[in-house]
Each structure stands twice: as structure tokens, then as C-alpha cells.
Asks: 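Okay, handing you the structure first.
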Amino acid sequence: GESVGLHLPTLSVQEGDNSIINCAYSNSASDYFIWYKQESGKGPQFIIDIRSNMDKRQGQRVTVLLNKTVKHLSLQIAATQPGDSAVYFCAENSRDTGRRALTFGSGTRLQVQP
Amino acid sequence: GAGVSQSPSNKVTEKGKDVELRCDPISGHTALYWYRQSLGQGLEFLIYFQGNSAPDKSGLPSDRFSAERTGGSVSTLTIQRTQQEDSAVYLCASSLARGYEKLFFGSGTQLSVL
């Protein structure tokens with residue numbers, strides 16, 4: 001399939017290093033946040049989510065941090081591998097909007113150098 | 001099925017023609033979403049179906065776009081009189097719709113309008 005996000009901000013890391021991908025959101029009423037990974041030609045794949053009553057959640061090699069004070073979300077990937085190369089999207093939802101659909105950010109491309 | 005299935009995976013059409021894109025959600029998922037992803041962009045919400053409720057059409061960009069979901073399962077997104085700016089990847093997602101939760105995405109349909 002076609003590559004997406006040709007003009008996205010890019011984070012380049014060495015294999016084995018830790019990666020931090022950042023996301024800012026604007027709606028102070030947002031109460032659910034989620035990170036997706038999208039490889040070329042594929043649909044977004046769930047990585048990890050967090051609700052607003054938490055500030056940190058850990059998964060396998062991934063950690064999501066939420067700072068509601070400054071409306072900032074980050075995804076940390078430990079020991080980054082070549083298979084982690086992809087575009088990463090944050091998304092959020094808010095009970096205020098009454099909409100169930102997630103609102104997505106514009107994405108960050110992660111390039112892992114061997 | 002095992003995942004969200006979309007067809008066709010690629011569609012090339014001429015400006016002014018109508019196109020239909022199909023989505024088969026995960027069995028048992030009551031919520032279905034359509035998103036559009038243009039090159040270099042994030043995911044743009046189009047429409048949301050939940051059970052027998054009226055769909056949330058707030059993201060449809062013009063009246064040339066419509067969607068239906070028959071029998072609470074398969075959905076079809078129709079674009080009439082296609083324009084070159086309609087060229088994008090059209091992604092379908094489904095979820096159990098038990099509060100806020102992750103969406104499961106298909107691989108998308110790459111639409112090219114010549």
C-alpha cells in the first residue's frame with residue numbers, strides 16, 4: 001500500500017536505545033488517550049491506552065505518561081527495535097463531545113537505525 | 001472474522017464516477033467507524049454507527065459522501081461524483097462500544113481518483 005505521513009515529524013533512534021514520542025492535546029476535558037502504531041500499507045494497530053484518572057501505564061516495552069496539567073502525552077519505547085519503525089499516532093476522546101469516535105493527532109514517524 | 005476486513009484494498013477511478021467501499025467488522029462488535037487518511041495527515045473522522053442508533057455523520061465532508069450499515073454488521077461507504085481531493089486511504093474500525101475503548105482497524109482502501 002501507499003506510504004503515509006511523508007511529511008511527518010521524524011524521530012530517528014539507534015537500535016537498542018529508548019524512544020520517546022510526544023503528543024500535545026488541547027481539550028482539557030479529554031478523559032481517554034490511546035497510542036496507535038501504523039506500518040506502511042496497514043491500518044493502525046493498538047499499542048496502549050490510559051484514562052485520565054491515571055498518569056502512567058506500562059505495557060510490554062512501552063510506557064504511556066499523561067500530564068493533564070500541561071495537556072501532554074508521551075509514549076516511551078524501551079530498547080527500540082527495527083520492527084518498531086512506523087508512524088505513531090496519539091488519539092483522545094472526551095465525554096464532553098458526546099462523540100464516541102477517537103480524535104487523532106497528526107503522527108510521528110519513528111526510524112530505527114540498525 | 002478474525003479482524004476488520006475492507007475491500008477493495010485498492011481502487012482507481014475516474015473523476016466524476018461513484019465508488020463503494022466495503023467494511024466487514026469484527027464479529028460481535030456493535031460500533032463501526034469510518035476514517036479518512038490523506039497523505040501526510042492524521043486520521044479524519046467521517047461517520048460512526050452504534051447498534052440501532054442514528055449514525056453520527058458529523059465528519060462527512062460533503063453530501064457526496066454517505067454510508068450505511070446493514071443488519072448491524074457490514075458497512076458501505078459511498079462517494080458520489082468523486083473528485084481528485086477524495087484520493088486517500090479510507091479506514092474502517094470497529095469496537096465493542098462498552099464505554100471508551102480501543103478501536104480495531106482494517107487495512108484500509110487506497111482510493112485514487114484520476
Side-chain angles (χ1 to χ4, degrees), chain A residues 1-10 21 23-27 29-54 57 59 62 64 86-109, chain B residues 3-6 8-12 23 25-26 29-51 53-60 67 87-112:
Chain A
E2 181 177 16
S3 179
V4 296
L6 294 182
H7 305 292
L8 294 172
T10 298
I21 301 171
C23 179
Y25 62 96
S26 58
N27 186 357
S30 295
D31 55 9
Y32 177 69
F33 305 87
I34 189 167
W35 282 98
Y36 280 91
K37 171 186 179 183
Q38 187 176 29
E39 296 172 287
S40 184
K42 297 183 179 180
Q45 177 186 9
F46 169 81
I47 302 174
I48 192 168
D49 59 2
I50 188 169
R51 296 188 187 274
S52 59
N53 60 352
M54 302 173 67
R57 192 173 186 202
V62 295
V64 55
V87 177
Y88 289 80
F89 292 96
C90 64
E92 56 86 16
N93 206 336
S94 165
R95 296 179 191 279
D96 269 9
T97 65
R99 170 188 286 182
R100 293 286 185 170
L102 296 169
T103 299
F104 282 79
S106 56
T108 297
R109 179 180 301 280
Chain B
V4 178
S5 178
Q6 291 189 247
S9 55
N10 284 279
K11 177 70 176 179
V12 181
C23 173
I26 293 172
H29 281 193
T30 58
L32 186 147
Y33 312 75
W34 283 98
Y35 284 83
R36 178 170 70 175
Q37 187 173 32
S38 301
L39 193 62
Q41 305 293 321
L43 278 70
E44 174 191 7
F45 167 74
L46 296 177
I47 189 168
Y48 160 70
F49 295 91
Q50 167 53 32
S53 301
D56 176 356
K57 304 179 182 180
S58 59
L60 294 178
S87 296
V89 176
Y90 289 82
L91 290 160
C92 177
S94 69
S95 75
L96 288 166
R98 294 183 303 199
Y100 297 120
E101 83 247 284
K102 60 192 177 202
L103 277 58
F104 294 83
F105 282 87
S107 295
T109 294
Q110 172 70 63
L111 176 66
S112 300

Asks: For the rings on B/Tyr35 and A/Phe104, is their centre-to-centre separation under 6.0 Å?
Replies: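 Between A/Phe104 and B/Tyr35, which both carry aromatic rings, the centre distance is below 6.0 Å.
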
Asks: Which atoms form the tightest heavy-atom contact between B/Leu91 and A/Pro44, and what is the distance?
Replies: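 Smallest interatomic distance, heavy atoms only, reads CD1-CD, 3.9 Å.
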
Asks: With a 4.5 Å cut-off on side-chain heavy atoms, are B/Lys102 and A/Ile47 touching?
Replies: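 No, their side chains stay 4.5 Å or more apart.
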
Asks: A side-chain contact here means heavy atoms from C-beta on lying under 4.5 Å apart; do B/Leu43 and A/Phe89 qualify?
Replies: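 Sidechains of A/Phe89 and B/Leu43: in contact.
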
Asks: CZ of B/Phe105 to NZ of A/Lys42: how many Å apart, nearest 0.5 Å?
Replies: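 Between B/Phe105 CZ and A/Lys42 NZ, I get 15.5 Å after rounding to 0.5 Å.
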
Asks: Roughly how far, to the nearest 0.5 Å, is the CG atom of B/Leu103 from the CG atom of A/Asn93?
Replies: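 Spacing of CG (A/Asn93) from CG (B/Leu103) equals 9.0 Å.
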
